[in-house]
Amino acid sequence: MIDERIRIRENWEMSMDTFRKEQLEAGFQKGLKQGLEQGLEQGLEQGLEQGLEQGLEQGLEQGLERGLEQGLEQGRQEGMELGVQAGQQSLIQKLSLKGMSIEMIAEMTDLSSESIKKMLATDSSNEE
């Protein structure tokens, strides 16, 4: 009878040990899964936040650089066009003052008679 009790007790203890090990393993697995999920979630949040900040900074910097370059180029082009127009107008005025006809100036400059008339009219109104 004592042997039977010992055997039952040993079986009970072995069963409890197995149960504890299974519960410990299940708890470990659950904790590991939750830890991984939380770590991934936090990592993604931080990564997105940092990525957005860095992307915004780089985008602004590159946008400013490109805008400045385009503005300088556009200003240079407009300045050159204004310079050419001013030079043409000055030449046309000088040729007109020398007595050349509008048709002759048009032939020499490859400009239309209408544009020459406009330049001479603009030049006259600027002098007043």
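Every value quoted in this text rests on a predicted model; they were computed, and no experiment measured them.
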Considering non-hydrogen atoms only, spot the tightest contact between [X] and [Y] and give its length.
{"X": "Ser96", "Y": "Leu120", "value": "CB-CD2, 3.9 Å"}
{"X": "Asp17", "Y": "Arg20", "value": "OD1-NH1, 2.9 Å"}
{"X": "Ala106", "Y": "Ser112", "value": "CB-C, 4.3 Å"}

Could you go step by step and tell me if Gln29 and Glu25 meet the side chain to side chain contact (heavy atoms under 4.5 Å, CB included) rule?
CA-CA 6 Å; Gln29 291 296 328; Glu25 181 66 26; 2.9 Å; yes
Which is it for Glu45 and Glu49 under the side chain to side chain contact (heavy atoms under 4.5 Å, CB included) test, yes or no, and what are the steps along the way? CA-CA 6 Å; Glu45 286 177 17; Glu49 190 175 309; 6.0 Å; no
Given the rule in the side chain to side chain contact (heavy atoms under 4.5 Å, CB included) test, do Thr109 and Gln88 qualify, once you have shown the distances and angles that lead to the verdict?
-> CA-CA 9 Å; Thr109 61; Gln88 285 177 338; over 6 Å; no
Quick check for you: to the nearest 0.5 Å, what is the distance between [X] atom [atom1] and [Y] atom [atom2]?
{"X": "Glu114", "Y": "Lys117", "atom1": "CD", "atom2": "NZ", "result": "6.0 Å"}
{"X": "Ile116", "Y": "Ile92", "atom1": "CD1", "atom2": "CD1", "result": "5.0 Å"}
{"X": "Lys98", "Y": "Met104", "atom1": "NZ", "atom2": "CE", "result": "14.5 Å"}
{"X": "Met119", "Y": "Ile105", "atom1": "CE", "atom2": "CD1", "result": "10.5 Å"}
{"X": "Gln58", "Y": "Gln54", "atom1": "CD", "atom2": "CD", "result": "6.5 Å"}

Between [X] and [Y] (salt bridge meaning N to carboxylate O under 4.0 Å), is one present in this structure?
{"X": "Glu73", "Y": "Arg76", "answer": "yes"}
{"X": "Arg9", "Y": "Glu13", "answer": "yes"}
{"X": "Arg7", "Y": "Glu4", "answer": "yes"}

Check your understanding: Can you tell me if Ser15 uses its side chain to pair, donor with acceptor, with the backbone of Asn11 under 3.5 Å?
Key -> yes
- request: Would you please say whether a donor-acceptor pair under 3.5 Å links the side chains of Gln85 and Glu81?
  value: no
Report task. State whether a side-chain donor-acceptor pair under 3.5 Å links Gln89 with Gln93. Result -> no
Does Met16 CE have over 12 foreign heavy atoms under 6.0 Å away? yes
With hydrophobic residues grouped by side-chain heavy-atom distances under 4.5 Å, do Leu64 and Leu56 end up in a single group? no
